[in-house]
Amino acid sequence: MAEATSKPVPLLKDELDIVIPTIRNLDFLEMWRPFLQPYHLIIVQDGDPSKVIKVPEGFDYELYNRNDINRILGPKASCISFKDSACRCFGYMVSKKKYIYTIDDDCFVAKDPSGHDINALEQHIKNLLSPSTPHFFNTLYDPYREGADFVRGYPFSLREGVPTAVSHGLWLNIPDYDAPTQLVKPRERNTRYVDAVLTIPKGTLFPMCGMNLAFDRELIGPAMYFGLMGDGQPIGRYDDMWAGWCIKVISDHLDLGVKTGLPYIWHSKASNPFVNLKKEYKGIFWQEEIIPFFQNATLPKDSTSVQQCYIELSKQVKEKLGPIDPYFVKLADAMVTWIEAWDELNPSDAKHANGVAA
């Protein structure tokens, strides 16, 4: 007798890793079991490496703590943040898959307006496997979605689109607000489900949130560095923002696309706004200079790989943001260390980046 509910078919099962940063037991995976169990998980344990993190039975995973990061990267481990969710980018580096989906441990399965559970990963994969349209805006949003197309007046020469490097998902319940907004709107909840996916236009930056995010590791992975945050650093909670600004500048330069919108997850708990304010305090001032820097950043034509683009960006960070605060000199150096570590762990990527056939 057939089962009443059919299990979702896992797309790209052997080509995608799920990266989760955590300091606690991963009970939240029980809710995600129907969708995530077929996939390989990379868990990056933050904080005390002697603490044992429990993972529900039946999941295929590898877990790395700080001792593992130090062992694998040696002196280059200095580029991986400690006591901050930015540590997740270590998982991107050690993955051997083409695609990455990263999710936070306080993100639960959301329901669509008809009450059905949302398979967030499936929607991210659909976003990544369809082209983006950064050069000309389609007023029906994503023209590649079922039931949509290019509107009248859309140039036929641009309808093939460009490869999609990043799929940026959203959240119901707790919005992704900064501390000042949290403080003035402590009870605000996001209940609006907008059934849309759109390409972020070329030349436009966006605030990237890392708690529900997927990307093509082969297209943009080396630029997905979440910076130096947390312990020993003067700033926190800007890790995903930093990566988002970097990947957008590089995606624009390399003619890649970034999509935002569906899928939604349920963000279950708000972080403490007073703790957040302490972490964000300098960033709130610095971003007023950081964002114009990225808006005006240009990369040379001979930077044709993500690694080359990222090294070039690091030089500009040191030169133009360094005078704001010594932190940016340290960050620029860490950006270079990150690329060196990436290339050591991914030698075939390095050969392609330097124009050598693998």
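Everything numeric here is computed off the predicted structure, so don't read it as measured data.
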>> Is there a ring-ring contact (aromatic ring centres under 6.0 Å, His included) between Phe35 and Tyr39? Walk through the geometry before answering.
In response: CA-CA 9 Å; Phe35 307 118; Tyr39 296 88; over 10 Å; no

>> Checking Phe90 against Tyr64 for the ring-ring contact (aromatic ring centres under 6.0 Å, His included) test, could you report, in this order, the C-alpha distance in whole Å, the side-chain angles of both residues, the deciding distance, and whether it holds?
In response: CA-CA 9 Å; Phe90 176 76; Tyr64 297 93; 5.3 Å; yes

> Could you walk me through whether Asp46 and Arg88 pass the salt bridge (charged side-chain N to carboxylate O under 4.0 Å, His left out) check?
Replying inline: CA-CA 9 Å; Asp46 197 16; Arg88 80 178 76 218; over 6 Å; no

> Yes or no on side-chain contact (heavy atoms from CB on, under 4.5 Å) for Lys76 and Glu344, after CA distance, side-chain angles and deciding distance?
Replying inline: CA-CA 10 Å; Lys76 292 186 175 67; Glu344 274 183 23; 2.9 Å; yes

>> Set out, in order, the CA-CA distance, both residues' side-chain angles and the distance that settles salt bridge (charged side-chain N to carboxylate O under 4.0 Å, His left out) for Glu15 and Lys98, then state yes or no.
In response: CA-CA 5 Å; Glu15 296 178 72; Lys98 178 172 167 55; over 6 Å; no

> Going through the checks in order, is the side-chain hydrogen bond (donor to acceptor under 3.5 Å, both in side chains) test met by Asn276 and Ser271?
Replying inline: CA-CA 7 Å; Asn276 290 347; Ser271 45; 2.8 Å; yes

> Between Asp216 and Lys97, is a salt bridge (charged side-chain N to carboxylate O under 4.0 Å, His left out) present by the stated rule, with each step listed?
Replying inline: CA-CA 9 Å; Asp216 187 322; Lys97 304 287 177 63; over 6 Å; no

>> Between Trp342 and Tyr310, does the ring-ring contact (aromatic ring centres under 6.0 Å, His included) criterion hold? Intermediate values first, please.
In response: CA-CA 12 Å; Trp342 182 283; Tyr310 204 70; 9.9 Å; no

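Looking only at atom types and distance, the side chain of Thr22 has a donor-acceptor partner in the side chain of Asp105 under 3.5 Å away. For the residue pair His267 and Asn173, no side-chain donor N or O sits within less than 3.5 Å of a side-chain acceptor on the partner. Asn190 and Tyr264 share no donor-acceptor pair across their side chains, judged by distance under 3.5 Å alone. Under the 3.5 Å distance criterion, with hydrogens and angles disregarded, no donor-acceptor pair is assigned to the side chains of Asp106 and Ser268. Of the N and O atoms on the side chains of Lys248 and Thr204, not one donor lies less than 3.5 Å from an acceptor on the other residue. Inspection of the Asn346 and Arg217 side chains reveals an N or O donor paired with an N or O acceptor under 3.5 Å. Remark: the Gln123 side chain and the Asn119 side chain contain no N/O donor-acceptor pair separated by less than 3.5 Å.
In this structure, Arg189 and Ile174 have side chains that are in contact, with non-hydrogen atoms separated by less than 4.5 Å. Using a 4.5 Å cut-off on side-chain heavy atoms (C-beta onward), Leu63 and Leu41 make no contact. For the pair Asp84 and Asp239, the minimum side-chain heavy-atom distance is below 4.5 Å. The side-chain heavy atoms of Trp338 and Met93, taken from C-beta on, include a pair separated by under 4.5 Å. Pro263 has its side chain within reach of His124: a pair of non-hydrogen atoms, C-beta onward, lies under 4.5 Å apart. With a 4.5 Å cut-off on side-chain heavy atoms, Leu26 and Ile20 count as touching. For the pair Asp142 and Leu198, the minimum side-chain heavy-atom distance is 4.5 Å or more. Looking only at side-chain heavy atoms (C-beta outward), Tyr225 and Ile339 stay at 4.5 Å or farther from each other.
Linking ILVMFWY residues whenever their side-chain heavy atoms come closer than 4.5 Å, directly or via other members, leaves Tyr144 and Tyr141 in distinct clusters. When the side chains of ILVMFWY residues are joined at heavy-atom separations under 4.5 Å, either directly or via intervening members, Val19 and Leu121 end up in two distinct hydrophobic clusters. Hydrophobic clustering, with ILVMFWY side chains joined whenever heavy atoms are under 4.5 angstrom apart, keeps Phe59 apart from Val94. No single ILVMFWY cluster, assembled from side-chain heavy atoms under 4.5 Å apart, contains both Ile69 and Phe82. Linking Ile, Leu, Val, Met, Phe, Trp and Tyr whenever their side-chain heavy atoms come within less than 4.5 Å leaves Met224 and Leu16 in two separate clusters.
Annotation: the span from Met335 atom CE to Lys330 atom NZ amounts to 15.5 Å, rounded to 0.5 Å. For the atom pair Leu228 CG and Tyr327 OH, the distance stands at 5.5 Å (nearest 0.5 Å). Note that CG of Asn138 and CG of Asp149 are 8.0 Å apart. Values are rounded to the nearest 0.5 Å. With values rounded to the nearest 0.5 angstrom, Leu254 atom CG is found 8.0 Å from Leu299 atom CG. How far CG of Asp178 is from CZ of Arg237: 7.5 Å, rounded to the nearest 0.5 Å. If you take OG1 on Thr164 and NZ on Lys259, they are separated by 4.5 Å, rounding to the nearest 0.5 Å.
Between Tyr99 and Phe215, a ring centre-to-centre spacing not shorter than 6.0 Å is recorded. In this structure, Phe226 has its ring center closer than 6.0 angstrom to the ring center of Tyr92.
Checking side-chain atoms of Gln316 against main-chain N and O of Thr298 turns up a donor-acceptor pair under 3.5 Å. For the pair Asn272 (side chain) and Phe274 (backbone), a donor-acceptor distance under 3.5 Å is present. Here the side chain of Ser81 pairs a donor or acceptor atom with the backbone of Gly227 at under 3.5 angstrom. The backbone N or O of Lys51 lies less than 3.5 Å from a partner atom in the side chain of Gln45, making a donor-acceptor pair. Proximity of a side-chain donor or acceptor of Gln37 to a complementary backbone N or O of Gly58 within less than 3.5 Å is detected. Between the side chain of Thr181 and the backbone N or O of Tyr177 there is no donor-acceptor pair closer than 3.5 Å. A donor-acceptor pair under 3.5 Å is formed between the side chain of Glu280 and the backbone N or O of Ala179. A donor-acceptor contact shorter than 3.5 Å links the side chain of Asn65 to the backbone of Pro49.
Shown here for Asp252 and Gly203, the closest heavy-atom pair between the two residues is OD2-N, 2.9 Å. Annotation for Pro134 and Val162: closest pair CD-CG2, 3.5 Å, computed over non-hydrogen atoms.
Other residues, nucleotides and ligands contribute at most 12 non-hydrogen atoms within 6.0 Å of the NZ atom of Lys54. Atom NZ of Lys83 has 12 or fewer neighbouring heavy atoms from other residues, nucleotides or ligands inside a 6.0 Å radius. Within a 6.0 Å sphere centred on NZ of Lys301, other residues, nucleotides and ligands contribute 12 heavy atoms or fewer. Within 6.0 Å of atom OH in Tyr281, 12 or fewer heavy atoms from other residues, nucleotides or ligands are found, so the atom counts as exposed in its surroundings.
Sorted by first and then second residue, the side chain to side chain donor-acceptor pair (under 3.5 Å) pairs involving residues 283-297 (not counting sequence neighbours) are Tyr238-Gln287. Residue pairs satisfying the ring-ring contact (aromatic ring centres under 6.0 Å, His included) criterion with at least one member in residues 154-173, sequence neighbours excluded, are listed as follows: Phe136-Tyr154, Phe150-Tyr154, His168-Phe206.
A salt bridge links Asp68 and Arg71; the closest N-O separation between the charged side-chain nitrogens and carboxylate oxygens is under 4.0 Å.
Under the rule for a side-chain contact (heavy atoms from CB on, under 4.5 Å), the partners of Thr304 that lie at least two apart in sequence or sit in another chain are Gln308.
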